Amino acid sequence: MLCALSTYYPSLCPPQAVLLFSALLAFSLLPPTFPADANFACGGVRTNATGIIQTPHFPAKFPVPIRCSWTIENADPGSVIVLYFTQLYVTAGFTVTDYSSLFAPWMDPTVIFVSNEHSVLETQWISTQKPFVVVDFALDSVYGTHIRALDNLLDVYGFNVTYEIAKVRDDPSVPDGATTSSSETASSGGEGNVLTGGEEAETPSSVRAQICSVVACSFSGHCYANENYT
């Protein structure tokens, strides 16, 4: 208040007070910061047969800006990697890409999922026979980037995705090297590489019949699954 009058009464606001006021104002405008400890770690390599991938402090707010990358490795050529979008609330910044090789990542990469307002409500799972899946998450703000519903989902942030490396049973509907998803339309990957199935389509045998997802139950309550999806 006194510094606001400095134009007319310079003696009321010495230079030291101006510097202190400017520093306090700048500090108050900074985004919240979080301590650099294990609780805020994200990303890494997953080689277990089952597991979860989630944002720090899920379902609470996570620190922004955030840049994370998870790699799921499948060493069994007779298996597929299945991602279940158990609790996927972000509508931006979440991308899934599969690779035939990470040693030559420019060879045959396919973006098999990109989060947006439509895809997070249409896709409940994704399955690929490629040995590597990379989940990337990059976001600068938590505002305007999440699913929200009237009186529901107002205080959840980020995602909690369950993955599983599942054995491939004899399934003539899934050709070798294919990527399948529950989405009604293919968003990427090229003709013949992405197979899709709507509600009436038959689910591949490697995908669980009982699926927990935002679409299935989160509008009426939270849908939880542990790392082995039981």
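Just so you know, residue 1 is the first one in the sequence shown, and it goes up from there. A quick note: this is a predicted structure, and the numbers were derived from the prediction, not measured.
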Criterion side-chain contact (heavy atoms from CB on, under 4.5 Å) on Thr71 and Arg46, from CA distance to verdict: CA-CA 6 Å; Thr71 300; Arg46 303 288 191 270; over 6 Å; no

Full working for side-chain contact (heavy atoms from CB on, under 4.5 Å) between Tyr89 and Phe58: CA-CA 11 Å; Tyr89 299 112; Phe58 178 86; 3.9 Å; yes

Audit row: Gln54, Gln87, side-chain contact (heavy atoms from CB on, under 4.5 Å) steps and yes/no: CA-CA 9 Å; Gln54 63 180 203; Gln87 293 170 293; over 6 Å; no

Full working for salt bridge (charged side-chain N to carboxylate O under 4.0 Å, His left out) between Asp108 and Lys130: CA-CA 10 Å; Asp108 198 28; Lys130 291 184 180 179; 3.3 Å; yes

side-chain contact (heavy atoms from CB on, under 4.5 Å) assessment of Ile66 paired with Cys68: CA-CA 7 Å; Ile66 190 170; Cys68 303; 3.5 Å; yes

Pair Trp70-Phe159, ring-ring contact (aromatic ring centres under 6.0 Å, His included): steps then yes or no: CA-CA 13 Å; Trp70 295 266; Phe159 56 84; 5.7 Å; yes

Salt bridge (charged side-chain N to carboxylate O under 4.0 Å, His left out) between Asp76 and Lys167, intermediate numbers included: CA-CA 9 Å; Asp76 182 2; Lys167 282 289 185 182; 2.7 Å; yes

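Ring geometry for Phe137 versus Phe62: interplanar angle over 60°, hence perpendicular rather than tilted (30 to 60°).
Put simply, CD1 on Ile52 and OG1 on Thr50 are 10.0 Å apart, with the number rounded to the nearest 0.5 Å. Annotation: the span from Gln129 atom CD to Ser100 atom OG amounts to 11.0 Å, rounded to 0.5 Å.
Looking at heavy atoms from C-beta onward, Val82 lies in side-chain contact with Tyr84 at the 4.5 angstrom threshold. Between His146 and Val156, the closest side-chain pair of non-hydrogen atoms is not below 4.5 Å. The closest side-chain heavy-atom distance from Thr128 to Val80 is not below 4.5 Å. Side-chain contact between Tyr99 and Val134 is present, with at least one heavy-atom pair separated by less than 4.5 Å. Leu83 places a side-chain heavy atom less than 4.5 Å from the side chain of Val135. For the pair Val114/Phe94, no side-chain contact is recorded, criterion being any heavy-atom separation below 4.5 Å from C-beta on. The shortest distance between side-chain heavy atoms of Thr86 and Val161 does not fall below 4.5 Å. Taking 4.5 Å as the limit, some side-chain heavy atom of Ile147 sits within range of a side-chain heavy atom of Thr91.
With sequence neighbours excluded, no residue forms a ring pair (Phe, Tyr, Trp, His ring centres under 6.0 Å) with Phe132.
Minimum interatomic distance between Pro63 and Pro56 (heavy atoms only, all atoms of both residues): CD-CB, 4.2 Å. Annotation for Ala92 and Ser115: closest pair N-OG, 3.3 Å, computed over non-hydrogen atoms. Between Thr123 and Ile126, the shortest heavy-atom contact is CG2-CG1, 4.0 Å.
Between the side chains of Asp136 and Thr95, no donor-acceptor pair is found at a separation under 3.5 Å.
Both Tyr143 and Leu88 are part of a single hydrophobic cluster, where members link through side-chain heavy atoms under 4.5 Å apart.
Distance alone, capped at 3.5 Å, places no donor-acceptor pair between the Thr110 side chain and the Ile112 backbone. Under a 3.5 Å cut-off, the side chain of Asn48 and the backbone N or O of Gly51 do not form any donor-acceptor pair. Ser79 contributes no side-chain N or O that, together with a main-chain N or O of Ile165, makes up a donor-acceptor pair within less than 3.5 Å.
Checked against a 6.0 Å centroid threshold, the rings of Phe113 and Phe85 count as neighbours.
Relative to the six-membered ring of Tyr157, Arg148 meets both conditions, a distance below 6.0 Å and an angle of at most 45° to the axis.
When Leu139, Val64, Asp140, Val90 are each tested for a side chain to side chain contact (heavy atoms under 4.5 Å, CB included) with Thr145, only one passes: Leu139.
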